[in-house]
Amino acid sequence: MTTGILGPAKAVGCMAKISEPVRTVRTGTFDGMQIQADQLYDNYIITLDYGERTMAVVESGFCQKDSRAPQMEIFGTKGTITFVNNGNMNPLDSLEVYLDAPERGIRGWLKPMEWDVPASEMNFFQCKVVQDLIHAIEEDRPVGLPPEHARHVVDIMCTIPEAIKTKSIVPLHTTF
């Protein structure tokens with residue numbers, strides 16, 4: 001999501017820890033099964049350097065049982081955009097904006113205006129990838145995520161272990 005909003009990152013850093021060396025499967029056929037995982041990180045804090053004055057922090061892992069933290073927050077010089085993790089499947093209902101614009105008489109949290117979303121799309125936000133593919137075929141255009149972008153995300157993922165091992169910020173090799 002961060003590269004989709006901010007563009008290609010220039011470097012990556014990461015700290016990782018093993019919080020639960022023995023993990024318990026919580027659902028499905030193997031529910032209750034214990035897995036020895038003392039050599040597999042389960043908690044990551046990834047930093048992405050976008051150059052200029054822009055960076056991102058991505059928290060990821062397997063040890064979190066649940067969270068009420070925002071799914072994503074974007075901090076800017078005039079405010080914050082947050083996608084509140086409220087369990088609602090419609091991301092438009094999760095969007096909140098903090099605007100610090102005293103010159104406009106606004107300083108505080110706002111709920112954006114109603115969005116004009118066709119009823120046929122209201123309950124299908126999880127299907128946006130398929131919808132984009134359909135529109136791309138109909139409009140004879142590339143899909144939303146070009147291969148160069150995907151390659152860049154893979155570059156980030158493949159560089160994370162080096163950043164963990166060297167405890168440093170590691171330059172990335174790709175862009176899009």
Side-chain angles (χ1 to χ4, degrees), residues 1-17 19 43-136 139 141-146 148-157 159-160 163 168-172 174-176:
M1 288 191 293
T2 62
T3 58
I5 293 170
L6 300 173
K10 296 185 183 313
V12 64
C14 184
M15 288 181 13
K17 300 289 182 186
S19 298
N43 215 354
Y44 298 81
I45 297 178
I46 303 160
T47 57
L48 296 168
D49 177 3
Y50 287 91
E52 300 283 324
R53 297 173 296 210
T54 306
M55 63 181 167
V57 176
V58 178
E59 297 177 33
S60 180
F62 306 103
C63 63
Q64 298 87 346
K65 305 301 184 251
D66 200 355
S67 175
R68 291 194 182 270
Q71 184 176 10
M72 175 186 274
E73 283 190 303
I74 302 167
F75 304 106
T77 57
K78 291 284 186 183
T80 302
I81 299 171
T82 187
F83 292 90
V84 179
N85 187 5
N86 61 8
N88 192 326
M89 295 306 292
N90 182 347
L92 301 178
D93 290 339
S94 303
L95 179 65
E96 293 182 14
V97 176
Y98 179 89
L99 186 58
D100 185 13
E103 70 280 0
R104 297 174 65 192
I106 302 171
R107 180 174 270 160
W109 286 100
L110 309 168
K111 210 52 179 144
M113 294 171 35
E114 289 292 318
W115 298 55
D116 187 19
V117 178
S120 62
E121 296 180 20
M122 188 54 75
N123 295 319
F124 298 100
F125 283 100
Q126 292 178 323
C127 300
K128 286 296 186 185
V129 172
V130 175
Q131 182 185 36
D132 183 53
L133 178 62
I134 291 167
H135 290 312
E139 299 165 11
R141 64 165 173 80
V143 292
L145 185 64
E148 297 81 11
H149 189 158
R151 182 186 68 210
H152 183 68
V153 172
V154 170
D155 185 17
I156 291 170
M157 294 185 325
T159 305
I160 286 172
S168 63
I169 306 298
V170 181
L172 294 165
T174 58
T175 190
F176 58 93

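Every heavy atom of this structure was used, including side-chain atoms; hydrogens, water molecules and symmetry mates were not.
In the displayed structure, Gln64 atom CD is contacted under 6.0 Å by more than 12 heavy atoms of other residues, nucleotides or ligands. With a 6.0 Å radius and a threshold of 12 heavy atoms from other residues, nucleotides or ligands, Arg104 has its CZ atom at or below the threshold.
Atom CD1 of Ile46 sits about 10.0 Å away from atom CD of Glu59, to the nearest 0.5 Å. One distance of note links CE of Met15 with OH of Tyr44; it measures 13.0 Å at 0.5 Å rounding. With rounding to the nearest 0.5 angstrom, the CD atom of Glu148 is 10.0 Å from the OG1 atom of Thr175. The NZ atom of Lys10 sits 10.0 Å away from the OG1 atom of Thr54 when rounded to the nearest 0.5 Å. The structure places CD1 of Ile156 at 6.0 Å from OG1 of Thr2, a figure rounded to the nearest 0.5 Å. Taking OG1 of Thr82 as the reference point, atom CZ of Phe75 lies at 7.5 Å (rounded to 0.5 Å).
Smallest separation of non-hydrogen atoms from Ala136 and Pro142: CB-O, 3.8 Å. Across all non-hydrogen atoms, the minimal contact from Ile169 to Ala11 is CG2-CB, 3.5 Å. Contact record, Ala56 with Tyr50: CB-CE1, 3.8 Å, taken as the closest heavy-atom pair.
Between the side chain of Asn43 and the backbone N or O of Ser19, no donor-acceptor pair lies under 3.5 Å. In this structure a side-chain-to-backbone donor-acceptor pair under 3.5 Å is present from Lys111 to Leu95.
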**Request:** Would you sort out whether Asp100 and Arg107 count as a salt bridge (Lys or Arg N to Asp or Glu O under 4.0 Å), showing the intermediate values?
**Result:** CA-CA 4 Å; Asp100 185 13; Arg107 180 174 270 160; 2.6 Å; yes
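Judged as a side chain to side chain donor-acceptor pair (under 3.5 Å), and not counting sequence neighbours, Glu52 has no contacts.
Proximity of Leu48 to Leu6: side-chain heavy atoms (C-beta onward) are nowhere separated by under 4.5 Å. For the pair Met55 and Thr47, the minimum side-chain heavy-atom distance is 4.5 Å or more.
By the 30° and 60° cut-offs, the orientation of the rings of Phe176 relative to His149 is parallel.
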